[in-house]
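When a ligand or atom number is given, it counts from 1 through the structure's own listing order.
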Amino acid sequence: MRFTPRNVRSRLTLWYVLVLASLLALYAGVASLFLFLSLREDFDQNLLQDLEIVEGMLAKEPNGLVSLHSSHLDAAEPRIGHFIEVWSPDGGLLYRSATLQNQALGGPPGRDEGLHDSTPSTARLQNGTRVRLASGVYNIEDQRVVVRVAYNEERLWRELGEFGQVLLLSFPIAVLLAGFGGYALARKALAPIDSMAVQTKKISADKLGERLAIENSEDELGKLGTVFNAMLGRLQAAFDQLRRFTSDASHELRTPLTAIRSVGEVALQDQRSPAEYRDVIGSMLEEVDRLTRLAESLLALSRADAGHVQLQREDIGLLRLAEEASSVVEVLAEEKRQQIDIAGNANLLVSVDRLILRQAIVNLLDNAIKYSPAGSQILVRVKSGGERQIFLEVIDQGPGIPSEHQPHVFDRFFRVDKARTREWGGAGLGLSITRWAVEIHGGEITLESEEGKGSTFRVSLPLVKDSSTSPSKGGS
Ligand code: ADP
């Protein structure tokens, strides 16, 4: 089973300790190796020097053997310490120092021993003692001899062992201390996350106005907090919008329902003539119409919000689309003796979803008819806005929209005069649907209006093609 600590703090500490321990182990290994090599270097150099000294002290005995020069014997052998053997090239032992206690420094010499390479090598005595051994070939008077000098290497190994022990003892202590230090550091560094978690737990849907406290907005956690706060802001705005939308929608739905109910209740109170009942049913149907339109608008907006609308684009002349829209509202304009004039370049093509954009223009014309006085003129103008743009303007001679309300006319459920406009059937959704329809086609809609001087809604859309520059005129 894999062991993975549950919290980041412990994981960080564990990683930190693992990395540190590996580094320490590597360091200890490399340091020991260097220590060993440098101690042995000294060792070998002394050994080679001693080989020369021993050579100078050798003297030939009358019996053919060799001895160390008597005047140096006492002093020299203990100083050099060590183990000395002298051999004749044919394998006769000529001298062996007493310190060797009759143990051999490795048998009779080979043919090449000490001739070319005097680099010391490591050997073992019979009693297991590790020695460092150097050999050289010399002449004593007329006799050729192989001299071997060896140092006891045990001290070197002992020193190294002690060094290793110190390292081994201090290693767990160092790792333990590093672990505690690392844990404390990780704890301190991650403390803001804990406090963020505590604060975040307290934020619920009805407390979206709360924000995380940020100590330093420049560090990573500060940036995380800032991003989180920004997300809360967006959520709050979306929630507020949703809440407003729901309460506005239910309010709008309730009004016609209340009207239907009260008209019905009043009608049921007394016996009435068939004509009166027809009237009552007529006004009920009016309210039902209103409800139907409202439900359709709400459906259009919720589809738009959900992003489920697939545009069926086709290239179409914007002027032609304006004529189609105008024919939809023609009857309403005629009722008010208003005239809709359509003018502009018929060759300017846009690539749009015919039904959606036509509804957008219908909404604009419907408003112009609703809010302008009887007998007034409404002008729809299509004109080029340079190489890439095309404008459609709906200009009326209505009351205009006060400048303080202009920024809100495209908001959902916004009506300048709530009481009055309801009579004409508006729920304040027409312009928001129009704006959505224009924007989903990559365009935008603006309003120019002055109180008492009429309004101009200008839609700009991306131009697809201008098949000719000659202007054409139409009307309905
Ligand atoms: P409604 O369904 O109430 O017409 P809209 O979203 O279409 O809703 O319009 C929002 C409000 O903007 C309307 O209630 C009206 O007060 C104002 N408005 C829209 N068009 C015009 C216009 N052409 N002239 C004057 N006021 C207008």
Heavy atom of [X], distance to ligand 1 below 4.0 Å:
X: Leu429; result: yes
X: Lys370; result: yes
X: Gly428; result: yes

Q: Answer side chain, backbone, both or neither: which part of Ala427 comes under 4.0 Å from ligand 1, heavy atoms only.
A: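 Just the backbone.
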Q: Tell me whether the guanidinium CZ or amine NZ of Arg458 lies under 6.0 angstrom from the six-membered ring centre of Phe391 and within 45° of its axis.
A: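 Here Arg458 passes the 6.0 Å and 45° test against Phe391.
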Using a 4.0 Å cut-off to any heavy atom of [X], which atoms of ligand 1 qualify?
X: Asn367; value: 4 (O), 5 (P), 7 (O), 9 (O), 19 (C), 20 (N)
X: Val416; value: 14 (O), 16 (O), 17 (C)
X: Phe414; value: 10 (C), 11 (C), 14 (O)

(Q) Regarding Asp315 and Lys465, does a basic nitrogen lie under 4.0 Å from an acidic carboxylate oxygen? (A)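 Result for this pair is no, no salt bridge flagged.
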Q) Is the shortest side-chain N to carboxylate O distance from Glu252 to Arg415 below 4.0 Å? A)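 A salt bridge is present here (some side-chain N lies under 4.0 Å from a carboxylate O).
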Q: Report the C-alpha distance between Arg293 and Asp289 in whole Å, list the side-chain angles of each, state the deciding distance to 0.1 Å, and finish with yes or no for salt bridge (charged side-chain N to carboxylate O under 4.0 Å, His left out).
A: CA-CA 6 Å; Arg293 277 201 304 276; Asp289 270 356; 5.1 Å; no
Q. Which of these, Asp50, Asp44, Asp42, sits in a salt bridge (Lys or Arg N to Asp or Glu O under 4.0 Å) with Arg132?
A.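 Output: one option passes, namely Asp44.
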Q: With sequence neighbours left out, write down each residue that passes side chain to side chain donor-acceptor pair (under 3.5 Å) with Glu314, or none if nothing qualifies.
A: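 Partners of Glu314 under the side chain to side chain donor-acceptor pair (under 3.5 Å) test: Arg354.
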Q.
Please report whether ligand 1 has a polar contact with Asp396, defined as an N or O pair separated by less than 3.5 Å (distance criterion only).
A.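 Yes, at least one N or O pair falls under 3.5 Å.
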**Q.** Residues forming a side chain to side chain contact (heavy atoms under 4.5 Å, CB included) with Leu177, sequence neighbours excluded
**A.**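 Residues passing side chain to side chain contact (heavy atoms under 4.5 Å, CB included) with Leu177: Ile173.
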**Q.** Of the listed options Ile401, Val394, Ile378, Leu431, closest to atom 6 (O) of ligand 1 (non-hydrogen atoms)
**A.**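 Answer by nearest heavy atom: Leu431.
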